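Structure record follows, encoded as structure tokens.
Remember, predicted model here, so these are calculated numbers, not experimental data.
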Amino acid sequence: MLYQPLALPALAVVAAGAFLGTPVLHADNDNNTLIPNNKRLNDGVVANVFTIQHQAGCTNDVRISPQLQRAAQWHANDLRDNRSLDGDIGSDGSTAQDRANAAGYRGQVAETVAIHPAIAISGVDLINRWYYDPASFAVMSDCANSQIGVWSENRMDRTVVVAVYGQPQDPVDTAGQNIPLDPSPDYDASDELEFGNSWWAWILRGVYPPSSLLPK
């Protein structure tokens with residue numbers, strides 16, 4: 001299936017950054033970007049799901065669940081290490097619901113998976129894949145999916161991104177949570193390089209700020 005560029009001015013597409021020539025990356029949940037990791041790619045998925053849900057008319061704000069993040073991590077590792085897998089079913093036969101239950105999540109879940117045959121995938125390619133896939137878009141834009149966990153893993157010839165979406169049984173305390181996520185929670189010198197890499201096309205065109213940073 002061919003994916004056309006996503007042309008939604010309100011969609012905050014977060015690029016993955018410059019991965020080629022860097023070590024294999026892991027989503028270690030560390031905000032220190034001087035050490036390569038996938039945290040910003042994962043956080044970008046959350047921010048984009050937030051935007052897609054609000055475009056669909058949702059009034060809730062999707063929040064990160066540690067339990068769903070753990071379930072996503074388990075499946076991302078499984079997909080990375082087992083080349084015969086290509087979807088929601090794990091090597092042990094588990095489903096997304098099975099893994100969420102095992103992680104301690106109480107509620108119904110759904111999942112979107114992306115597998116890319118390279119060391120990295122850009123945030124733009126990732127969100128376009130899911131946006132233009134009807135099943136994945138239905139999951140992302142479902143207002144009932146008020147919680148999410150995202151994890152990604154890389155090898156030289158394989159990148160895996162797993163997002164698990166949840167509908168919690170119990171009320172969730174959202175006080176003090178910042179959604180969408182702060183794009184630069186721990187500013188350091190690598191942020192300058194990442195910013196330039198992400199937005200060079202807009203800068204060369206003389207468009208500043210880039211479209212996703214324009215006031216709404």
Side-chain angles (χ1 to χ4, degrees), residues 1-6 11 13-14 16 19 24-29 37-39 41-53 56 62 64-168:
M1 177 178 179
L2 297 177
Y3 301 96
Q4 299 181 1
L6 182 59
L11 181 59
V13 175
V14 181
F19 289 129
V24 174
L25 306 181
H26 301 280
D28 58 9
N29 212 31
N37 60 67
N38 287 353
K39 187 177 189 302
L41 174 62
N42 300 344
D43 288 351
V45 173
V46 178
N48 285 330
V49 170
F50 171 95
T51 304
I52 288 171
Q53 288 192 353
V62 65
I64 294 175
S65 159
Q67 292 80 19
L68 295 181
Q69 191 174 57
R70 188 175 306 118
Q73 181 181 7
W74 289 342
H75 195 45
N77 288 333
D78 199 14
L79 291 170
R80 180 198 61 193
D81 297 335
N82 293 277
R83 305 307 176 92
S84 61
L85 303 179
D86 62 359
D88 295 326
I89 304 302
S91 60
D92 58 355
S94 63
T95 65
Q97 189 68 59
D98 294 332
R99 293 184 292 271
N101 293 344
Y105 188 77
R106 291 173 50 84
Q108 179 180 337
V109 306
E111 186 175 75
T112 56
V113 172
I115 301 174
H116 186 61
I119 192 174
I121 185 171
S122 74
V124 174
D125 186 17
L126 174 62
I127 202 65
N128 274 314
R129 287 186 183 207
W130 288 348
Y131 189 90
Y132 288 107
D133 174 65
S136 297
F137 180 77
V139 172
M140 289 193 300
S141 60
D142 187 344
C143 300
N145 291 330
S146 60
Q147 292 188 305
I148 190 172
V150 183
W151 201 268
S152 54
E153 292 289 341
N154 308 71
R155 286 192 181 277
M156 290 300 295
D157 62 346
R158 190 172 177 87
T159 296
V160 175
V161 186
V162 177
V164 184
Y165 310 75
Q167 302 176 20

Heavy-atom pair of closest approach, residues A72 and G149: CB-O, 3.6 Å
How close do R70 and A103 get, counting heavy atoms only, and between which atoms? NH1-O, 3.1 Å
Quick check: does any side chain N or O of S136 sit under 3.5 Å from a backbone N or O of Y132, one acting as donor and the other as acceptor? no
State, with a plain yes or no, whether a side-chain heavy atom of E111 is found less than 4.5 Å away from one of V162. yes
Under 4.5 Å between any side-chain heavy atoms of D142 and Q167, yes or no? yes
Indicate yes or no: at least one non-hydrogen side-chain atom of I52 is less than 4.5 angstrom from one of F137. yes
Quick test of your reading of the model: are D43 and K39 salt-bridged, counting only N-O distances below 4.0 Å? yes
Smallest heavy-atom separation, V161 atom then I121 atom, equals CG2-CG2, 4.0 Å
Interatomic spacing from CG in D78 to CG in L85 - rounded to 0.5 Å: 5.0 Å
Check: H75 side chain, G87 main-chain N or O, donor-acceptor pair, under 3.5 Å: yes
Does D98 use its side chain to pair, donor to acceptor, with the backbone of T95 at less than 3.5 Å? yes
Is Q53 reaching over with its side chain to a backbone N or O of C143, donor-acceptor style, under 3.5 angstrom? no
Y165 vs V49 side-chain heavy atoms within contact, under 4.5 Å: yes
Minimum-distance pair of heavy atoms, taken over all atoms of P168 and S146: CD-OG, 3.3 Å
For the atom pair OG (S152) and NE2 (H116), what is the distance rounded to the nearest 0.5 Å? 13.0 Å
Out of curiosity, E153 CD to Q73 CD, how far, rounded to the nearest 0.5 Å? 6.5 Å
How many angstroms lie between CG in N42 and CD1 in I64, if you round to the nearest 0.5 Å? 8.5 Å
Main-chain N/O of Q97 paired with N101 side-chain donor or acceptor, under 3.5 Å: yes
Do any N or O atoms from the side chain of D133 and from the backbone of R129 form a donor-acceptor pair under 3.5 angstrom? no
Applying side-chain contact (heavy atoms from CB on, under 4.5 Å), run through N145 and V62 and close with a yes or a no. CA-CA 7 Å; N145 291 330; V62 65; over 6 Å; no
More than 12 heavy atoms of other residues, nucleotides or ligands under 6.0 Å from CZ of R106: is that the case? no
If you apply the rule side-chain contact (heavy atoms from CB on, under 4.5 Å), what do you find for M140 with I127, and how did you get there? CA-CA 10 Å; M140 289 193 300; I127 202 65; 4.2 Å; yes
Shortest non-hydrogen pair, L68 vs G166, comes out as CD1-N, 3.5 Å
So, do D88 and V113 sit near enough that their side-chain heavy atoms are less than 4.5 Å apart? yes
Please assess W130 against V45 for the test side-chain contact (heavy atoms from CB on, under 4.5 Å), listing each intermediate value before the final yes or no. CA-CA 10 Å; W130 288 348; V45 173; 3.9 Å; yes
Atom CG of D92 and atom CG of N82: how far apart are they, to the nearest 0.5 Å? 9.5 Å
S141 side, atom OG; Y131 side, atom OH - distance, nearest 0.5 Å: 8.5 Å
R80 side chain vs V160 backbone, donor-acceptor pair below 3.5 Å: no
Any R155 side-chain heavy atom under 4.5 Å of D81 side chain: yes
Please check this pair: side chain of T159 against backbone of A118, looking for a donor-acceptor N/O pair closer than 3.5 Å. yes
